[in-house]
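Let me begin by presenting the structure, written as structure tokens, before commenting on it.
Order of the sequence lines sets the chain letters (A, B, ...), proteins ahead of strands, with each chain counted from 1. Please read these numbers as outputs of a predicted model, since none were measured by experiment.
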2 protein chains.
Amino acid sequence: MSITSFYPPQRTLMGPGPSDVYPNVLQALSRPTIGHLDPTFIKMMDEVKELLQYAFQTKNPCTMAVSAPGSAGMETCFVNLIEPGDKVIVCINGVFGGRMAENVTRSGGVLVKVEDEWGQPVDPAKLEAALKSHPDAKIVAFVHAETSTGVLSDAKTLCALARQYGCLSIVDAVTSLGGVPLYVDDWGIDAIYSGTQKCLSCVPGISPVSFSPAAVAKINSRSVPVQSWFLDQTLVMSYWSGEGKRSYHHTAPVNTLYALHESLVQLQTEGLENAWARHAQQHLALRAGLEKMGIEFIVDEACRLPQLNTVVIPDGVDDAAVRNHLLQTYNLEIGAGLGAFSGKAWRIGLMGYAARAENVALCLRALEETLN
Amino acid sequence: MSITSFYPPQRTLMGPGPSDVYPNVLQALSRPTIGHLDPTFIKMMDEVKELLQYAFQTKNPCTMAVSAPGSAGMETCFVNLIEPGDKVIVCINGVFGGRMAENVTRSGGVLVKVEDEWGQPVDPAKLEAALKSHPDAKIVAFVHAETSTGVLSDAKTLCALARQYGCLSIVDAVTSLGGVPLYVDDWGIDAIYSGTQKCLSCVPGISPVSFSPAAVAKINSRSVPVQSWFLDQTLVMSYWSGEGKRSYHHTAPVNTLYALHESLVQLQTEGLENAWARHAQQHLALRAGLEKMGIEFIVDEACRLPQLNTVVIPDGVDDAAVRNHLLQTYNLEIGAGLGAFSGKAWRIGLMGYAARAENVALCLRALEETLN
């Protein structure tokens, strides 16, 4: 056996994530590792918390990064908030809603599904009907920006309904954070998780989460321990807490947290509203170019994600061959369809650092040359 | 709010981990991010698997890195192998054995504890007595190298006992992998997990694991799903499998895997036996210097970890003040005592890249100057 060092190609990442990483984030990533209990590192963790509060638009003290990818952020929300027998309404309109449902049953919850078609947003009327039929429901969960379909759901309305019927809300913001408006406190979101490798343009591997005081109260009043030791927020909170002495829980992913810190400094410097506007603007540029080529969007404009453009693969076009050609010839990655959209759609991401005029130009030109 | 970029100090890490990271591993970490489904990346994942098989000395096809820290590697082994009601014998001689016990109960297992004193290795006679008293036990779990005490247990004998009594074995090799001899196949280990931030001198955040064919068979014949979706090996295996089409599970921590790949290339280049010998040699140098200063080891020489030296804090010495002085004056981190050893012991790590003559010299000189 003789395996040598790995040198990845320089790609342009315009799929559903990971997205192009900011150069200064990669620099931050490779700074010298220090101990996770080093006072300097603890101060940095406090800054990460404060920067995440800004990104999420929340004052929740329980805001931090789970030391594992977005899927683990999802699981953190479900295993902490669900006690065995709790009824949970999950709105499903794509892959990630389905994954939420899987989390409910594995956490010992009683699952109630509210389903919408792929490519459609979650229908608030259906949620309200379910809430009326299940007055004993305790939690409502849905995906804000469905990465599998490119659809934005109305998180504000859905959370207001949950609250109106006495439920806590769990929101998947993996693809929405930093790309479209999101106001955790104003919208009354109780538990939210995201990823770093989408609109934050950080490397993948950790998952920002935030819990409202009501969610924390439910966690603290559990009668049975959280089934996961690693994701147990009652323990993790003591590790991330700024007050008094921190309790050792696990070893934080030190360098990945440097990277998250840097990407959040970048977001703070640009300003949330400016970042949202940039995603919207580049989406319009991409849309104009695609429409000129006769390529159609799957999702209605009203609920279309600017950062993840799901388009119909034109008739007679070989899906895999086109994506492979883009990768081999232009070092450009766009995303395949997932689940029900497999082979039928492409997902073109304009996330974070990838939402730039030069990326849109490259993508349009490369697609045009490949399809003609 | 105005938070600026974070520039960590350059420390020398001689605590219980994270250890000093190889400079070329930090370089690998910051190479351009590519998609986790990119063919180039998939090939690299295959290489990581092969390199881990070498590090673990195993042919297990089910060898990979869990996308989260060692604590999640531990949880992966327990939640996959335990079905509700399974009786599990856990040998406890420090913090991490206690954490294993916690994992058993949270996974729905029936816990049998075999306890040894802190600073002592696991006693095979006690394990055999427990196996005789509990003929219905299905799993034996223990820590190979206890990070909280610096003790090495006899994994070969303990695994042989487990097998003799019809049990599968789960072994914590977080601190042992790459630092002391470890032969997964020869010793008949069924499930093993490790960390990257100890003797591999990689950044923290992911956890190498390996499962024997017998362990995989138990996982595949489960009657209830694994309680964790994120850690469910039946799903993760399809993501890491080299055969045929891979199934999307989660987004791998792309850059951290570059770093692990590089640290494993480093280990392959040095050679496992040479790495073990280097740790032993630097331990002897450190020991000689400490003994000259009258500092005593807590652990008997026969079961002392070369890579983690637990020593008695001399009478009248202020634990925190000394560690703080070392950090502030010499940028040198050594570890505090944990649990029962809190305030009574220091843990001096010689792990991976930190097991070098210059580190030993710095540590001895700095300690001498600080204590006098």
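Contact count against chain B (heavy-atom pairs under 4.5 Å) is highest for A/R99 among A/M44, A/H36, A/R99. Of the listed residues (B/S19, B/A72, B/G335), the greatest number of heavy-atom pairs within a distance under 4.5 Å of chain A belongs to B/A72. Chain B forms more heavy-atom pairs under 4.5 Å with one residue of A/P225, A/S228, A/G205 than with any other, namely A/S228. Among A/V79, A/L264, A/N103, A/L327, the residue with the largest count of heavy-atom pairs under 4.5 Å with chain B is A/L327. When A/D38, A/D232, A/T105 are compared by the number of non-hydrogen pairs under 4.5 Å with chain B, A/D38 comes out ahead. With chain B as the partner, the residue from A/V224, A/T269, A/T256, A/T40 showing the most heavy-atom pairs under 4.5 Å is A/T40. Ranked by non-hydrogen atom pairs under 4.5 Å with chain A, the options B/Q266, B/Q10, B/K43, B/R31 are led by B/R31. Between chain B and the residues A/P8, A/A68, A/P253, the largest count of heavy-atom pairs under 4.5 Å involves A/P8.
Of all heavy-atom pairs spanning B/P204 and A/T33, the tightest one is CD-CG2, 4.3 Å. Minimum heavy-atom separation, B/W229 to A/E102: CD1-CG, 3.3 Å. The two residues A/G35 and B/P18 have their closest heavy-atom pair at CA-CG, 4.0 Å. Pairing each heavy atom of B/H250 with each of A/S71, the nearest pair is CB-OG, 3.2 Å. Between A/S67 and B/P69 the shortest heavy-atom distance is O-CD, 3.2 Å.
With a 4.5 angstrom heavy-atom cutoff, A/V254 touches chain B via backbone and side-chain atoms both. The parts of A/P9 that come within reach of chain B are both its backbone and its side chain, each placing non-hydrogen atoms under 4.5 angstrom from that chain. Both the backbone and the side chain of A/Q227 come within contact range of chain B, with heavy atoms under 4.5 Å apart. Residue A/T196 does not touch chain B at all, counting heavy-atom pairs closer than 4.5 Å. Looking at A/A252, only its backbone comes within 4.5 Å of chain B, counting heavy atoms on both sides. Both the backbone and the side chain of A/E47 come within less than 4.5 Å of a heavy atom in chain B. The parts of A/I34 that come within reach of chain B are both its backbone and its side chain, each placing non-hydrogen atoms under 4.5 angstrom from that chain. Within the 4.5 angstrom heavy-atom criterion, atoms from both the backbone and the side chain of A/V226 approach chain B. Interface remark: A/A28 contributes no atoms to any contact with chain B (heavy atom separation under 4.5 Å). Proximity to chain B (any heavy atom under 4.5 Å) is shown, for A/F6, by both the backbone and the side chain. Residue A/L29 touches chain B through both its backbone and its side chain, counting heavy-atom pairs closer than 4.5 Å.
Taking CD of B/Q27 as the start and OH of A/Y7 as the end, the distance is 7.5 Å to the nearest 0.5 Å. With values rounded to the nearest 0.5 angstrom, A/C202 atom SG is found 9.0 Å from B/N255 atom CG. Of the inter-residue distances, the one linking A/M74 atom CE with B/F230 atom CZ reads 12.0 Å to the nearest 0.5 angstrom. Taken to the nearest 0.5 Å, the CD atom of B/E262 stands 9.0 Å off from the OG1 atom of A/T4.
Using the six-membered ring where Trp is involved, A/F96 and B/Y248 have ring planes that are perpendicular, over 60° apart on the 30 and 60° scheme.
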Problem set entry | Full working for side chain to side chain contact (heavy atoms under 4.5 Å, CB included) between B/I3 and A/H261 | CA-CA 9 Å; B/I3 293 173; A/H261 182 280; 3.6 Å; yes
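Residues B/S5 and A/N24 have side chains not in contact (no heavy-atom distance under 4.5 Å, counting atoms from C-beta outward). Using a 4.5 Å heavy-atom threshold, the side chains of A/R11 and B/P32 count as separate.
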